[in-house]
Amino acid sequence: MMPDSVKDEVKRQLVEALGERGLLWEKADLLPYCKDTYRVRFEDEYRYMPDFVVLPETTEEVKKVVSIAASRKIPLIPKGGGSNRTGMLVPTHGGIVVDTIRMNKLIEISVPDLCVTVQPGMTLKDLGDGLAEHGLWLTQEQGSLKMATVGGAISTSAFSRRHQKYGAMADCVMSLEVVLADGSVLRTGPKVLYTSTGYRLHQLFIGAEGTLGIITEATLRVEPLPEAQEVVLGFFDDFWAAIDAAKRVMASGVDFSGGEAYEIVDHSELRAPPDKKALFYALVHGTKEEVQAVSENLRRTIEGSGGILADHEVANQFLTTYTKQWCGARALTGYEDVLTTYVPMEKMRQYYDTLWNEIAPKYGIEPLPGEKYSLDVGKYRMAGGRYRLPKGDRVWERYQEVLKEIAALATGLGGSVQACHGVGIQHRDNMVLEYSDVALEAMRGIKHLLDPDNIMNPGKKIPEKE
Ligand SMILES: Cc1cc2nc3c(=O)[nH]c(=O)nc-3n(C[C@H](O)[C@H](O)[C@H](O)COP(=O)(O)OP(=O)(O)OC[C@H]3O[C@@H](n4cnc5c(N)ncnc54)[C@H](O)[C@@H]3O)c2cc1C
């Protein structure tokens with residue numbers, strides 16, 4: 001925390017830059033900014049407090065705030081919707097939270113070029129609604145789309161359930177405007193999806209978790225609204241049978257948008273045969289003819305893999321309500337955590353066997369009902385699930401040990417600790433399991449180049465050098 005004398009002067013400067021309505025400083029106003037959806041150690045919940053929260057509306061205002069912070073080496077924490085799962089917003093070093101909630105304007109839409117330029121604080125839901133008025137579609141659909149912002153989704157390298165056909169957030173970013181740690185404004189490159197000139201600077205900020213600069217404008221690739229969509233849903237004997245069908249679908253090259261496999265919790269809602277314990281569904285988007293042809297192909301593959309097809313009405317009802325059932329979209333409570341691990345397809349079974357047969361008994365973790373297995377099916381496959389830590393002694397310490405073991409397991413199998421929830425403070429120390437010293441040193445070098453005083457969201461993402 002800043003000494004009071006410095007704080008008074010910084011407050012005066014910030015009010016001068018943004019006006020009083022652009023600044024929060026009372027403790028009661030700062031409390032919601034102490035944490036995000038990551039559960040920190042219980043006794044630490046309100047330990048970390050920002051000194052100020054600013055609510056800029058323009059790049060110029062962000063620039064002024066960053067210049068004030070830079071002159072005194074005050075930490076800056078850019079904030080979007082606050083929905084990240086890994087403690088990226090916890091103000092471990094105090095400082096100024098830059099809440100982008102008022103930077104929520106759609107700046108420019110180009111229908112012929114299929115792109116949109118937007119401020120970072122607009123939610124994905126609002127952006128999707130705005131695009132629909134122009135017949136355009138934000139292909140990115142994540143469980144948190146009502147909360148998550150464009151800036152947050154870029155900065156966490158967010159994952160969409162339509163990733164097989166349309167890619168993830170990282171694949172949509174064309175160009176960014178970023179206020180760097182010294183207050184200068186960087187335009188990463190032209191607003192084009194493809195160029196062979198220059199370094200691909202915008203890629204640096206995808207998944208950077210606010211550690212390299214503050215995104216103040218983003219140009220994104222969008223698509224025409226699809227004429228039709230369909231979900232094809234099959235029930236299987238167990239999760240592994242559903243996975244076999246998913247593998248066949250992927251190997252067939254059929255043009256589906258994304259899918260999932262998981263265990264069935266509520267058979268009646270889905271009208272699933274009682275002996276079928278798992279489901280696999282695939283989404284299809286395109287013209288009516290395409291959707292019809294692809295869906296037919298998927299139905300054949302599902303039946304050919306021993307699956308029982310859900311009836312059309314149930315499947316389409318499922319499409320509109322399935323976010324509720326979607327593993328990542330459910331709220332976490334108490335001693336629970338969600339798994340979002342990238343594991344190569346051929347190692348999936350080994351991953352889950354080791355997790356539930358070796359790691360779980362050692363630490364007493366238990367899968368939540370119906371949450372032992374789940375897989376996002378497609379090229380950015382993600383192994384999910386949710387588990388509960390038992391109460392009792394050393395809960396926090398055991399939790400850290402579990403995280404480390406899962407990280408070692410996933411990376412040992414050639415995967416990644418986090419397919420979509422990023423690093424934050426939760427996984428920071430386990431990054432040494434995933435990246436070599438040389439790779440981490442390169443990342444520290446990039447960070448130092450862009451942020452020599454380490455004021456941009458310090459303490460997140462990259463582990464300190466030992
Ligand atoms: C119910 C639920 C469902 C979820 N489902 C998904 C899912 O399907 N797919 C998925 O990928 N994730 C999912 N998540 C995780 C989370 O929603 C995403 O990581 C989301 O993209 C974060 O966006 P946000 O705006 O809330 O970012 P925040 O949590 O506000 O911030 C996240 C990080 O981005 C940085 N940041 C934010 N704005 C800027 C900016 N303008 N410039 C620079 N840095 C910035 C912050 O400093 C922080 O490090 C889910 C979370 C919940 C709670």
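In each ligand, atom 1 is the first atom listed, and ligand 1 is the first ligand listed. By convention here, the first residue in the shown sequence is residue 1.
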Looking only at N/O atoms, are E209 and ligand 1 under 3.5 Å apart anywhere?
-> yes
Option passing side-chain contact (heavy atoms from CB on, under 4.5 Å) with Y342 (candidates M382, Q418, R381) = R381
Salt-bridge present (K460, E209; N to O < 4.0 Å) | no
Does a side chain donor of either Y281 or E260 reach within less than 3.5 Å of an acceptor in the other side chain?
-> yes
What part of K460, side chain from CB on, backbone N/CA/C/O, both or neither, has a heavy atom under 4.0 Å from ligand 1?
-> neither
M147 N/O under 3.5 Å from ligand 1 N/O = no
From F205 atom CZ to I214 atom CD1, the distance as rounded to the nearest 0.5 Å | 11.0 Å
What is the ring orientation for F159 with H163, classed by angle as parallel under 30°, tilted 30 to 60°, or perpendicular over 60°?
-> tilted
Which of the atoms in ligand 1, numbered in the order shown and given with their element, are less than 4.0 Å from a heavy-atom of C420?
-> 10 (C), 11 (O)
Is there a side-chain contact between V116 and L136 (heavy atoms, below 4.5 Å)?
-> no
Sub-4.0 Å heavy-atom approach of L89 to ligand 1 = yes
Before accepting this row, confirm whether a basic side-chain N of the pair E57/K105 lies closer than 4.0 Å to the acidic partner's carboxylate O.
-> no
Any N or O of A158 closer than 3.5 Å to N or O of ligand 1 | no
Selection from S83, A208, A168, S155 by shortest heavy-atom distance to atom 36 (N) of ligand 1 | S155
Backbone or side-chain N or O of A148 under 3.5 Å from ligand 1 N or O | no
Are H285 and S257 linked by a side-chain donor-acceptor pair shorter than 3.5 Å?
-> yes
Under a 4.5 Å cut-off applied to non-hydrogen side-chain atoms, are F52 and L23 in contact?
-> yes
Heavy-atom proximity to atom 27 (O) of ligand 1 ranks first, among G87, A218, G152, for G152
Are any of the N/O atoms in T100 less than 3.5 Å from those in ligand 1?
-> no
If we only count heavy atoms from C-beta on, is the E263 to E371 side-chain gap below 4.5 Å?
-> no
Short N or O distance, R85 and ligand 1, threshold 3.5 Å exclusive = no
According to the interplanar angle, ranging from 0 to 90°, do the rings of F239 and Y373 count as parallel (below 30°), tilted (30 to 60°) or perpendicular (above 60°)?
-> parallel
Should one rank M88, E141, Q140 by closest heavy-atom distance to atom 33 (C) of ligand 1, which comes out on top?
-> M88
Between N457 and ligand 1, which residue portion shows a heavy-atom distance shorter than 4.0 Å: side chain, backbone, both, or neither?
-> side chain
N/O to N/O below 3.5 Å, does that happen between S157 and ligand 1?
-> no
Ligand 1 atoms nearer than 4.0 angstrom to some heavy atom of A153 are 21 (O), 23 (O)
At under 4.0 Å between heavy atoms, what of I215 touches ligand 1? The answer is both
Would you check the N or O atoms of T37, main chain and side chain alike, for any that come under 3.5 Å of an N or O of ligand 1?
-> no
4.0 Å heavy-atom contact, G121 with ligand 1 | no
Can an N or O of Q142 be found at a distance shorter than 3.5 Å from an N or O of ligand 1?
-> yes
The option among S144, P78, G82 carrying the non-hydrogen atom nearest to atom 28 (P) of ligand 1 is G82
Pair Y363, E405: side-chain N/O donor-acceptor within cut-off below 3.5 Å | yes
Does ligand 1 have an atom that lies less than 4.0 angstrom from a heavy atom of I77?
-> no
Closest heavy-atom pair and its distance - A181, A70 = O-CB, 3.3 Å
Using a distance-only test with no angle check, is there a side-chain donor-acceptor pair under 3.5 angstrom linking S144 and Q142?
-> yes
Are any of the N or O atoms of G143 closer than 3.5 Å to those of ligand 1?
-> yes
Any idea which atoms of ligand 1 are less than 4.0 Å away from a heavy-atom of G213?
-> 43 (C)
